[in-house]
Amino acid sequence: MPRTVHVLNGPNLNLLGTREPQVYGAQTLADVQQLCERACERHGLRLVFQQSNHEGALVDAIHEAGREHAAGQLAGVVLNAGAYTHTSVALLDAIKGTGVPLIELHISNVFAREAFRHRSWISPAARAVICGLGVAGYALAIDAIAAW
Ligand code: DHK
């Protein structure tokens, strides 16, 4: 049975393609899903791809990944928590509480942007952080997870 990669996207990422394209690019979330599917296929991994604008739903999705982790079925999690990156102790606690191996991802270079985006509550619990590579970062994150 192939191991699973969870790619979780937080608030406003459903607007990719039309949202501030100069910052986030022209590709849609459906394009990102396709790119992740291809990367997972290359590595023989199963993809679970989700987006939610709700913090609790993202916590639930991390718990779901945590159950797979406990069962030895999880390859890893890619989390673009959107703005919750900069605010959510609940997401930090979910990652710590489940122990899921996770890559924090940002499409934009958050360090070249407003100061409030420089602080991440998630980074202390992440194995790695990818930021500023555009949506290509998602495929690179899956490549890295496949190599763990
Ligand atoms: C996405 C968001 O929605 C922002 O709130 C973050 C991140 C940056 C990104 O670059 O993917 O600050």
Side-chain angles (χ1 to χ4, degrees), residues 3-43 45-66 68-69 74-148:
R3 289 183 311 147
T4 304
V5 173
H6 286 248
V7 177
L8 308 177
N9 291 285
N12 299 307
L13 289 158
N14 54 314
L15 300 179
L16 277 184
T18 56
R19 171 195 189 197
E20 301 180 83
Q22 71 285 4
V23 175
Y24 297 104
Q27 287 184 279
T28 66
L29 193 64
D31 295 331
V32 175
Q33 182 166 2
Q34 210 174 72
L35 179 151
C36 291
E37 262 157 19
R38 279 200 218 104
C40 280
E41 268 168 33
R42 275 202 303 279
H43 297 294
L45 295 165
R46 187 174 81 91
L47 175 68
V48 175
F49 191 92
Q50 289 171 278
Q51 188 275 330
S52 177
N53 294 319
H54 304 279
E55 189 175 13
L58 295 167
V59 170
D60 287 343
I62 291 168
H63 290 182
E64 188 189 325
E68 289 181 15
H69 181 52
L74 181 76
V77 177
V78 182
L79 173 63
N80 184 348
Y84 291 140
T85 304
H86 318 296
T87 63
S88 182
V89 176
L91 286 175
L92 171 67
D93 285 350
I95 299 161
K96 287 173 94 169
T98 56
V100 292
L102 178 141
I103 296 181
E104 172 184 343
L105 183 143
H106 309 286
I107 295 168
S108 65
N109 177 359
V110 286
F111 298 102
R113 300 180 65 192
E114 304 97 320
F116 66 82
R117 296 186 202 275
H118 300 179
R119 173 72 195 260
S120 165
W121 290 97
I122 290 165
S123 295
R127 276 220 198 160
V129 180
I130 293 179
C131 119
L133 294 175
V135 297
Y138 285 86
L140 293 168
I142 291 169
D143 288 346
I145 285 172
W148 282 348

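Counting starts at 1 for both ligands and their atoms, in listed order.
- Ring planes of His118 and Phe111: tilted class, angle from 30 to 60°.
- A donor-acceptor contact under 3.5 angstrom links the side chains of Tyr138 and Asn9, judged on distance only.
- Side-chain N or O atoms of Ser88 include none that pairs as donor or acceptor with a backbone N or O of Thr85 at under 3.5 Å.
- For atom 10 (O) of ligand 1, the nearest non-hydrogen atom of the protein is Ser108 OG, 2.6 Å.
- Residue Ala83 places at least one N or O, backbone or side chain, under 3.5 Å from an N or O of ligand 1.
- Nearest to atom 9 (C) of ligand 1 among the protein's heavy atoms is Ile107 N, 3.3 Å.
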* Can you check side chain to side chain contact (heavy atoms under 4.5 Å, CB included) on Arg46 and Thr4, steps first, answer last? -> CA-CA 5 Å; Arg46 187 174 81 91; Thr4 304; 3.2 Å; yes
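- A heavy-atom separation below 4.0 Å is not found between Asn12 and ligand 1.
- Among Thr87, Leu16, Val110, the residue whose heavy atom lies closest to atom 8 (C) of ligand 1 is Val110.
- Among all heavy-atom pairs drawn from Leu58 and Pro11, the shortest one is CD1-CD, 4.3 Å.
- In this structure, Asn80 is part of the shell of residues with a heavy atom less than 4.0 angstrom from ligand 1.
- Heavy-atom minimum distance, Leu29 versus Asn14: CD2-CA, 4.1 Å.
- Counting the atoms of ligand 1 from 1 in the order shown, those under 4.0 Å from a heavy atom of Arg19 are 2 (C), 3 (O).
- Distances below 4.0 Å separate heavy atoms of His86 from the following atoms of ligand 1: 6 (C), 12 (O).
- Using a 4.5 Å heavy-atom threshold, the side chains of Ile142 and Leu35 count as separate.
- If you number the atoms of ligand 1 from 1 as listed, the ones under 4.0 Å from a heavy atom of His106 come out as 9 (C), 10 (O), 11 (O).
- The closest approach between a heavy atom of Tyr84 and any atom of ligand 1 is not below 4.0 Å.
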